[in-house]
Chemist: 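Questions regarding the structure given below will be posed in turn.
We use all heavy atoms of the structure for the numbers below, so side chains are in, but hydrogens, waters and symmetry mates are not. Each chain gets a letter, A, B and so on, in the order its sequence line appears, and its residues count up from 1.
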There are 2 protein chains.
Amino acid sequence: MVTVPARRKRATIHDVAVEAGVSRGTVSRVVNDEPYVSAQARTAIEAAIEKVGYVPNNAARNLVMQRSQAVGFVVHEPHSLFLDDPNIGGILLGANTVLSRADYQMVSLVIDSQRDTDRVARYLSGGFVDGVIIVSARHEDPMIRVVEKLALPAAFVGHPPDLRRLPFVGIDNRRSARLITERLMQTGRERIGMIAAALDRDSGADRLAGFTDALGSRFDPNLVARVPLYTYSDGAEGMRALLAREPDLDGVFAASDAVAAGALEALRDAGRSVPGDIGVVGFDDSSWALRTQPHLSTVHQPAFGLGAAAAECVLGQLRGEDQPADGILLETPIVWRDSA
Amino acid sequence: MVTVPARRKRATIHDVAVEAGVSRGTVSRVVNDEPYVSAQARTAIEAAIEKVGYVPNNAARNLVMQRSQAVGFVVHEPHSLFLDDPNIGGILLGANTVLSRADYQMVSLVIDSQRDTDRVARYLSGGFVDGVIIVSARHEDPMIRVVEKLALPAAFVGHPPDLRRLPFVGIDNRRSARLITERLMQTGRERIGMIAAALDRDSGADRLAGFTDALGSRFDPNLVARVPLYTYSDGAEGMRALLAREPDLDGVFAASDAVAAGALEALRDAGRSVPGDIGVVGFDDSSWALRTQPHLSTVHQPAFGLGAAAAECVLGQLRGEDQPADGILLETPIVWRDSA
DNA sequence: TTGTAAGCGTTATCAC
DNA sequence: GTGATAACGCTTACAA
């Protein structure tokens, strides 16, 4: 067995003050580099800090300043999807990068049940966080009410229709979906279907709307398969359904890359060649896109940028700055590869 | 523009004490449910807490108790791999789950450069965390020294050879690699190669050692391709090299599922059928395993469990319990699917 | 069983 | 420019 060794005590502002022969107030001033400190005192204090190895105590600082210096990152997804959805990983990383650069901690909270919702609501109201980033909120998501009631600085990634005037960052799912569908049409495809997923979320519904926009009068409701989730297996499922209904399909817009990958599998099983017999496009430009054969033509979703923008947004509110009421929309370039 | 609204003040222990007509000390006792509180006082206080909506202030508590109630999660990987490696996601989730159940925050720190190393070292010594979990440390990793010098409660996931007596959790890479290679041999393969990756890490080196163990006297160094990382592209690269050197190969052990997926691509390009012409096995049982065609036979790596065990380990140290000096090894069942 | 009071390490408001 | 000193909200001896 290995015994846990004792830790030695940390130096405080007091130690620095004694070492430098000044008062604690002055030390505090140089630590937070405020003006009105003589150059002489400043150098003495800096030397003292170095010598005693002083590092400010966050708890004390947070206590007196009435903040926690933490931002919540709540994900409303089943645990498993949290791993499976590469988008969430990117958003998380982007948010974490910005937050930690600003000396904020990110504490991630995943909601996977009603009990979790309550737990998270309690956590948010407990003052454990100064603000919150909320990913993949649904229509009538309880988090919306919680944030409103708490008047907590927040940024949503994606915008449920009932978000009212809460700040959000996102992409224009509808426009992006329209553009890639149009691009697919330009390759000469005649019968284009869609595997629509997650229609209970703004992203899912908007992608379907964009698809409809692109097709215009040529739109045929029989050509869209609806599946619950942005997953590989639902993609395969949806593709099989579509193929059964419309054997002469020659193009498919899948609501996400994972869905597209599943569709590719179903297509392979059905003996259809891609892009020979049928062109497939996805959405997200996630790591899926390069794991499939052929590589996916898709819409690039700036996951990292979304997380970063959301973090900037709550940081801005924390600084007391106003936020644009109509949200922040990021660019989504089309990435054309081999699947269509 | 939307203006950030004012927040209302939180209730303190004082408010509860006044409401319940007792002293703050007594309130504190019921909050931390200590003994020596009359049933009468307890109920009165609980009612008061409910009424004023009291939630303890962490900063104050941490200040007086001299702890941060946070555990660091440091990942020594390029940012991109952090996303790409599904293992790390699972470990993170496992650690986060047990940590948050124990009311600890997990603060994740990714090291991607020398500057990051310094930043993280400073962070760890700043008392911002009570303990630390370190993932994918390399041989002579600077974090080892940092943790030793700080005498910080820690748990490594994986064990670099120079870890000395620091606690770690892991799997028996060598034994698992030997077992799956033997399993592959039992399918009747004659010329079995390996794509070895990340040989600068214990996991990579041990998997190669296990492969060598299994082959025994039949081991031929010409049959192992060495690549730097556990990635798809390195897997494809390694497979091409192997094929060039040994066209009559009929079995391959890839050092990870991502590597195996890349190998599968190279094999497909070379017109070899799997498992017809050649059997392929991977390692990790990550989400890759079911994204390939055919699905991978592989070694299940308990990523979530590893993270959870690491968290338990540092939590144990925080409670002052001793830890097993020879580390904690988790089980790794073989999952046999279609690629061999 | 309960109340009192002394810190915990900062920041911030004053005088000086 | 600088130094006292009063908070911040909590835990924890110690006294009662």
Chemist: Enter the inter-axis angle for the ends of the helix from C/dT1-D/dA16 to C/dC16-D/dG1 (five pairs per end, rounded to 10°).
Modeler: 40°
Chemist: Select one nucleotide: of C/dT4, D/dC10, C/dA12, the one nearest the side-chain heavy atoms of B/R24.
Modeler: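 That would be D/dC10.
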Chemist: Counting only side-chain heavy atoms from C-beta out, which of C/dC8, C/dT13, C/dT2 sits nearest to A/R29?
Modeler: C/dT13
Chemist: Side chain of B/N32, heavy atoms from C-beta onward: which of D/dT11, C/dG9, C/dG3 has the nearest atom to it?
Modeler: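 Ranking D/dT11, C/dG9, C/dG3 by closest atom to the B/N32 side chain puts D/dT11 first.
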Chemist: Which pair of heavy atoms, one from B/M143 and one from B/V74, lies closest together, and at what distance?
Modeler: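 Scanning both residues completely, I find the closest heavy atoms to be CG-CG2, 4.3 Å.
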Chemist: Answer yes when A/D162 and A/R145 have at least one side-chain N-carboxylate O distance shorter than 4.0 Å, and no when they do not.
Modeler: yes
Chemist: Counting only heavy atoms not in A/E34, do more than 12 fall under 6.0 Å of its CD?
Modeler: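 Yes, the 6.0 Å shell around CD holds more than 12 heavy atoms from other groups.
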Chemist: Could you tell me whether A/N62 contacts a base, only the sugar-phosphate backbone, or nothing, with contacts defined as non-hydrogen atoms closer than 4.0 Å?
Modeler: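 Result for A/N62 = nothing.
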Chemist: Is B/R165 paired with B/D326 through a side-chain N to carboxylate O contact shorter than 4.0 Å?
Modeler: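 B/R165 and B/D326: not salt-bridged.
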Chemist: Looking across every strand, which nucleic acid part, if any, lies under 4.0 Å from A/V31 by heavy atom: base, sugar-phosphate, or nothing?
Modeler: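 Nothing: the residue A/V31, judged by heavy atoms under 4.0 Å, touches no strand.
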Chemist: Answer with base, sugar-phosphate or nothing: what part of the nucleic acid does A/S38 contact at a heavy-atom distance below 4.0 Å?
Modeler: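 Sugar-phosphate: the residue A/S38, judged by heavy atoms under 4.0 Å, touches backbone atoms but no base.
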Chemist: Of the listed nucleotides (C/dG9, D/dT2, D/dT12), which one gets closest to any side-chain atom of A/L63?
Modeler: C/dG9
Chemist: What's B/A59 touching, base or sugar-phosphate or nothing? Going by heavy atoms closer than 4.0 Å.
Modeler: nothing
Chemist: How would you list all residue pairs meeting salt bridge (charged side-chain N to carboxylate O under 4.0 Å, His left out) that involve residues 43-63 of chain B, not counting sequence neighbours?
Modeler: B/E19-B/K51
Chemist: Phosphate oxygens OP1/OP2 of C/dT11: is one of them under 4.0 Å from a side-chain N or O of A/S28?
Modeler: yes
Chemist: Measure CZ/A/R61 against P/C/dA12 and give the value in whole Å, please.
Modeler: 10 Å
Chemist: For the side chain of B/Y54, starting at C-beta, report the closest nucleotide among D/dT12, C/dT11, D/dC10.
Modeler: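 Looking only at heavy atoms from C-beta outward on B/Y54, the closest nucleotide is D/dC10.
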Chemist: Which of these nucleotides, D/dT11, C/dG3, D/dG9, is closest to any side-chain atom of A/Q66?
Modeler: D/dG9
Chemist: Closer than 4.0 angstrom, basic N to acidic O: yes or no for B/E148 and B/R164?
Modeler: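 Yes, this pair counts.
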